[in-house]
Colleague: 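Below is a structure I'd like to ask you about.
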Amino acid sequence: MTTSSSERGVSLGMPELPAPAYPDDVRARLETDAREIIARYPDSRSALLPLLHLVQAEEGHVTRTGMRFCADVLGLTTAEVTAVATFYTMYRRRPSGDYQVGVCTNTLCAVMGGDAIFEELQEHLGVGNGETTGDGKVTLEHIECNAACDFAPVVMVNWEFFDNQTPATAKRLVDDLRAGRPVTPTRGAPVCTFKETARILAGFPDERDGAVESGGSAGPASLIGLKLAKGETSPARVVHPRGEAARTGAPHEPSPTEHLSSHDAPQDTSASDPAHPAGPTAEEGE
């Protein structure tokens, strides 16, 4: 008994048919939005990224129809649009949930508990990485660093921060999302659906009450570099070597031009400071 290639799931290499077009009413609405987006840029091609968010807001992911639409309105080939849509991870290529739940598993979040959170959520939800629950509510994925290391481990829902998470709080979070109960991010705007998030990323205003006024900021550890760049200083914290007792007496307070190490602020070097040239170069071995 032989098995046909179609039964084995083997492609015969037949060319894929052109993507279907949007219904006329949907296309007319999207064209109005697309004209507004394109008008923001001196070169229409620069509008491709927000346009991909626009079509993602329509269907919840970037479909072949959406890419065909972007190509048509920008005068590009579908290959050019596909190359961009497949490069950036914020563009979904398949149907996904109303809430993208991303667990940071980069180094710091991982060692602080991110790996444990991700493993427990997979078991709790019954899905793997990039998969969606049967009710279509939650898509779970591990994500790269979101520049919130001082709040590790971090979970994000449609790009809103939920800081200092534990397996228990993360499971309660996804349960609330699936049940339709309100959830409140640690900072930033209230959570909305993934389609609504995509439209905001396309550049359209968030018209929900209080969303724009909602604030959020990085933590103190993340802002130290910014303060140094602005010339702000803070009292130095002396860290003693392991096994060495702290010396008695008042700690030394460095002046604004004095630093504990080369990592505290940019230092003048002989290469960058002509007033202090380097001394004679020693021969190798001297």
Side-chain angles (χ1 to χ4, degrees), residues 5-23 26-27 29-30 33-34 37 47-74 76-106 117-119 121-146 155-160 170 173-175 177-178 180 191-202 204:
S5 59
S6 61
E7 291 172 330
R8 294 193 302 267
V10 177
S11 171
L12 298 178
M14 298 296 290
E16 194 171 31
L17 294 174
Y22 284 121
V26 174
R27 184 179 178 91
R29 174 167 46 80
L30 290 177
D33 290 339
I37 293 172
L48 178 54
L49 295 180
L51 281 177
L52 285 169
H53 283 299
L54 176 67
V55 297
Q56 185 161 247
E58 185 65 30
E59 300 176 85
H61 66 295
V62 177
T63 63
R64 293 175 58 235
T65 296
M67 289 189 282
R68 174 183 170 182
F69 171 82
C70 292
D72 288 346
V73 297
L74 294 176
L76 302 174
T77 66
T78 53
E80 289 173 311
V81 175
T82 302
V84 174
T86 56
F87 181 83
Y88 294 102
T89 58
M90 289 182 74
Y91 301 123
R92 311 299 176 191
R93 297 298 312 284
R94 58 185 178 184
S96 57
D98 293 333
Y99 302 100
Q100 301 281 333
V101 176
V103 182
C104 181
T105 53
N106 261 28
I117 290 173
F118 186 64
E119 290 174 6
L121 283 182
Q122 288 186 96
E123 182 177 352
H124 183 67
L125 295 172
V127 297
N129 181 44
E131 295 179 350
T132 303
T133 55
D135 57 9
K137 292 293 185 181
V138 170
T139 297
L140 178 67
E141 62 180 354
H142 70 77
I143 53 178
E144 296 300 318
C145 181
N146 283 278
V155 173
M156 301 195 81
V157 178
N158 294 346
W159 310 116
E160 300 296 344
L173 170 62
V174 296
D175 287 345
L177 290 171
R178 297 182 73 183
V191 171
C192 57
T193 67
F194 184 69
K195 288 183 179 181
E196 291 171 321
T197 301
R199 184 169 177 83
I200 295 168
L201 291 173
F204 292 96

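Residue numbers run from 1 in the order of the sequence given. Please read all numbers here as calculations on a predicted model, not as lab measurements.
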Colleague: A34 and L54: which non-hydrogen atoms are nearest, and at how many Å?
Modeller: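 Residues A34 and L54, closest heavy atoms: N-CD2, 4.1 Å.
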
Colleague: Between S96 and G60, what is the shortest heavy-atom contact and its length?
Modeller: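 S96 and G60 have their closest heavy atoms at OG-O, 3.5 Å.
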
Colleague: What verdict does the side-chain contact (heavy atoms from CB on, under 4.5 Å) test give for T65 and R68, after you've listed the backbone C-alpha separation in whole Å, the side-chain angles of each residue and the deciding distance to 0.1 Å?
Modeller: CA-CA 5 Å; T65 296; R68 174 183 170 182; 5.6 Å; no

Colleague: Show, in sequence, the C-alpha distance, side-chain angles and deciding distance for L76 and C70, and conclude whether the side-chain contact (heavy atoms from CB on, under 4.5 Å) test is met.
Modeller: CA-CA 8 Å; L76 302 174; C70 292; over 6 Å; no

Colleague: Shortest non-hydrogen contact from L140 to V127?
Modeller: CB-CG2, 4.0 Å

Colleague: Under 6.0 Å from the CZ atom of R94, do we count more than 12 heavy atoms belonging to anything else shown?
Modeller: no

Colleague: Kindly compute the distance separating CG (L52) from CG (L201), expressed to the nearest 0.5 Å.
Modeller: 12.0 Å

Colleague: May I ask you to test the T86-R93 pair for a side-chain heavy-atom distance under 4.5 Å?
Modeller: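 Contact flag for T86/R93 side chains = yes.
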
Colleague: Of the non-hydrogen atoms in E59 and T63, which two are nearest, and what is the gap between them?
Modeller: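 Taking every non-hydrogen atom into account, OE2-OG1, 2.8 Å.
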
Colleague: Report the distance from atom NE2 of H53 to atom CE of M90, rounding to the nearest 0.5 Å.
Modeller: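 The CE atom of M90 is 5.0 Å from NE2 of H53, to the nearest 0.5 Å.
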
Colleague: Using a 3.5 Å distance criterion without hydrogens, assess whether the side chain of N129 forms a donor-acceptor pair with backbone atoms of H142.
Modeller: yes

Colleague: Centroid-to-centroid, H61 to Y91, below 6.0 Å?
Modeller: no

Colleague: Can you see which heavy atom on C104 is nearest to which on C145, and at what distance?
Modeller: SG-CA, 4.0 Å

Colleague: State the OH-CG distance between Y22 and D72, to the nearest 0.5 angstrom.
Modeller: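 Output value for this atom pair is 11.0 Å.
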
Colleague: Considering all heavy atoms of both residues, which atom of V138 and which atom of D135 are nearest to each other, and what is their separation?
Modeller: N-OD1, 4.4 Å

Colleague: For the pair N158 (side chain) and Q100 (backbone), establish whether a donor and an acceptor sit closer than 3.5 Å, ignoring hydrogens and angles.
Modeller: yes

Colleague: Between CD of E160 and OG1 of T197, what distance do you get to the nearest 0.5 Å?
Modeller: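 Rounded to the nearest 0.5 Å, the CD-OG1 separation comes to 7.0 Å.
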
Colleague: Determine whether W159 and N146 satisfy the following criterion, side-chain contact (heavy atoms from CB on, under 4.5 Å), listing intermediate values before the conclusion.
Modeller: CA-CA 9 Å; W159 310 116; N146 283 278; 4.3 Å; yes

Colleague: For the CG atom of D33 and the CZ atom of R199, what is their distance to the nearest 0.5 Å?
Modeller: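 Separation between the atoms: 4.5 Å.
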
Colleague: Using side-chain contact (heavy atoms from CB on, under 4.5 Å), reason through L49 and Y88 one step at a time and then give a plain yes or no.
Modeller: CA-CA 9 Å; L49 295 180; Y88 294 102; 3.7 Å; yes

Colleague: Would you say that I200 contacts C192 through its side chain, given a criterion of any heavy-atom pair below 4.5 Å between the two side chains?
Modeller: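 Yes; the side chains approach each other to less than 4.5 Å.
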
Colleague: Less than 4.5 Å apart, any side-chain heavy atom of V62 and any of M67?
Modeller: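 In short, these two side chains touch, coming nearer than 4.5 Å.
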
Colleague: Quick check for you: to the nearest 0.5 Å, what is the distance between F194 atom CZ and T139 atom OG1?
Modeller: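 It is 8.5 Å, given to the nearest 0.5 Å.
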
